[in-house]
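No experiment lies behind these values; they were computed from the predicted model shown. Every chain is numbered from 1, with letters handed out A, B, ... down the list of sequences.
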Amino acid sequence: MSENELSAEDTAFLEKAFELAQEALDEDEVPVGCVFVVNGTEIGRGRNRVNETGDPTRHAEMVAVTEMWKEHGTGCEDLLKKSTLYVSLEPCIMCSSAMYQLGIRKMVYGAENPRFGGVRSVGSAEKYRMEDNVQIVAGIWSERSVAMLKTFYEKLNPFAPPEKRKTKKPKLDEIK
Amino acid sequence: MSLEEPPEKIRKIDTMRIKVYPILDSTLTCDTIPSTSFQALRLENKKIIGTIIRRLPELPEELSHLKRVGKDGSVLIAESEEVAKLIVGKLEDAEARVEDLVPVKVARTKPQTRRQFQVAKELWPTGFHPNHELEQLLDGSFLTESLKKYVDRWLGEAARLGDGCIAVQNDELLSTGRPSSHPLGHPVMEMVGNLPKRHGDDYLGTGSDVFLITEPCAMCSMALVHFRVKRVFYARNSRNGVLKEDGWQLHLEPSINHHYEVFRVEGLLDNNYIVDNSDRFCSNIQL
């Protein structure tokens with residue numbers, strides 16, 4: 001997918017998502033930010049707040065949905081069904097599954113996430129036993145997205161950059 | 001919250017009735033093992049076995065579970081006939097003849113369970129290092145009376161919440177959750193959200209056990225990964241659950257960097273424990 005396929009509107013909202021990711025990075029959170037948009041209007045936004053809240057599920061997308069729910073009550077469900085999500089990194093399995101369940105219209109995201117990515121990398125709608133009815137625009141501004149993650153991990157733990165971390169364990173360890 | 005124990009009499013019956021099944025990788029529950037053909041050299045003179053082995057190249061790493069010598073004293077040479085003939089020819093030993101090469105069946109992968117080991121060693125002598133925890137899961141001996149009581153108690157509490165979720169850490173209640181009006185207010189998400197604020201750098205749920213009435217969807221199952229849960233017990237399969245055997249199983253996905261054990265508990269829901277059945281999440285259609 002190339003940048004050329006993005007409209008000026010797409011570019012502006014994705015830029016907003018990246019700014020929120022930068023805000024997360026400045027607060028020592030995993031640098032991911034997102035914006036929900038309906039018909040060219042922002043209806044919600046969020047950025048990672050896991051450290052701040054001590055809640056490991058407070059990813060950008062979840063934070064945004066909760067804010068929308070607080071503002072609109074259950075009415076946010078109808079809004080979400082019409083929405084496009086702009087997010088700086090491929091949503092994890094938890095957030096992707098949430099998006100399929102909320103039935104949003106479209107997702108535009110930055111780098112793919114080979115460890116947790118829930119749209120295509122590791123998980124998928126089919127694996128979640130959900131209908132695959134969300135339009136996907138993937139891999140936009142990947143380098144920028146990855147550079148932010150790298151800065152975060154270097155800041156956090158200079159001894160274990162993400163690309164050096166062990167992601168696969170031997171089978172026998174998995175059931176222990 | 002108050003956690004009153006049900007009367008002792010009812011408890012006894014319930015505890016006897018529940019069954020707890022681990023949901024394991026099919027490569028572990030499978031009693032067969034893939035085999036492959038290998039060239040072995042028959043030796044009339046058993047005294048030269050040692051000398052011959054010392055002059056042979058090592059077996060490939062992926063077949064290092066195989067013993068070099070078979071029950072009848074023949075020696076593994078190579079996988080392909082062509083290579084085996086070359087190797088035996090190079091030995092230039094009058095007692096090691098190319099004509100004495102025979103194809104044998106060997107286990108292609110290292111046996112992971114005792115059952116698989118029994119099958120493998122029938123083919124060809126094979127090394128095996130038992131994993132005792134795994135063997136207990138496979139033969140059912142993991143389910144001690146105290147574990148049964150523990151599961152019965154906490155899953156019973158989850159049932160009393162309706163379509164509930166309960167996290168237990170070091171035998172103490174950590175948090176509870178039940179469906180809410182939040183568009184993603186599934187029991188697991190509510191349980192995590194209801195936790196008191198974390199202190200220190202540890203993941204709050206590290207090492208905890210989670211009890212659920214309904215098999216969690218992908219969102220909830222992944223939230224439990226983020227929560228660093230150790231074991232998950234649930235009572236009924238759901239349509240979009242991702243832990244049961246048929247289909248993608250999140251807890252067995254190798255790319256994910258944390259894995260928890262999963263158990264399905266049967267026999268608990270027969271006794272009308274569930275009061276609120278109006279759940280709209282983790283679609284709880286019994287399969």
I'd like to know whether [atom1] of [X] has more than 12 heavy-atom contacts from other residues, nucleotides or ligands below 6.0 angstrom.
| X | atom1 | value |
| --- | --- | --- |
| Glu62(B) | CD | yes |
| Arg49(A) | CZ | yes |
| Asn39(A) | CG | no |

Hey, could you give me the [atom1]/[atom2] distance between [X] and [Y], rounded to the nearest 0.5 Å?
| X | Y | atom1 | atom2 | answer |
| --- | --- | --- | --- | --- |
| Trp248(B) | Glu126(A) | CH2 | CD | 11.5 Å |
| Cys92(A) | Met222(B) | SG | CE | 5.5 Å |
| Leu184(B) | Met94(A) | CG | CE | 9.5 Å |
| Ile93(A) | Met219(B) | CD1 | CE | 13.5 Å |
| Cys217(B) | Met130(A) | SG | CE | 8.5 Å |
| Tyr128(A) | Leu250(B) | OH | CG | 8.0 Å |

So for [X], is it side chain, backbone, both, or neither that comes closer than 4.5 Å to the heavy atoms of chain B?
| X | value |
| --- | --- |
| Met62(A) | side chain |
| Thr66(A) | both |
| Cys95(A) | neither |

Heavy atoms, side chains only, cut-off 4.5 Å: are [X] and [Y] in contact?
| X | Y | result |
| --- | --- | --- |
| Pro183(B) | Leu102(A) | yes |
| Pro114(A) | Ser255(B) | no |
| His182(B) | Thr74(A) | no |
| Ser181(B) | Trp69(A) | yes |

Discussion item. Could you go through Asp55(A) and Leu195(B), starting from their C-alpha distance and side-chain angles, then the distance that decides it, and tell me whether this counts as side chain to side chain contact (heavy atoms under 4.5 Å, CB included)?
Written reply: CA-CA 8 Å; Asp55(A) 178 343; Leu195(B) 272 167; over 6 Å; no

Worksheet item: In terms of heavy-atom proximity below 4.5 Å to chain A, should Leu224(B) be classed as side chain, backbone, both, or neither?
Response: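 For Leu224(B), no heavy atom lies under 4.5 Å from chain A.
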
Discussion item. What verdict does the side chain to side chain contact (heavy atoms under 4.5 Å, CB included) test give for Lys127(A) and Val242(B), after you've listed the backbone C-alpha separation in whole Å, the side-chain angles of each residue and the deciding distance to 0.1 Å?
Written reply: CA-CA 8 Å; Lys127(A) 286 178 177 172; Val242(B) 290; over 6 Å; no

Fill in: Working for side chain to side chain contact (heavy atoms under 4.5 Å, CB included), residues Asn257(B) and Arg115(A)
CA-CA 8 Å; Asn257(B) 65 346; Arg115(A) 277 170 71 197; 2.8 Å; yes

Worksheet item: How are the rings of Phe116(A) and His226(B) set relative to one another: parallel (under 30°), tilted (30 to 60°) or perpendicular (over 60°)?
Response: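 Ring orientation of Phe116(A) relative to His226(B): perpendicular.
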
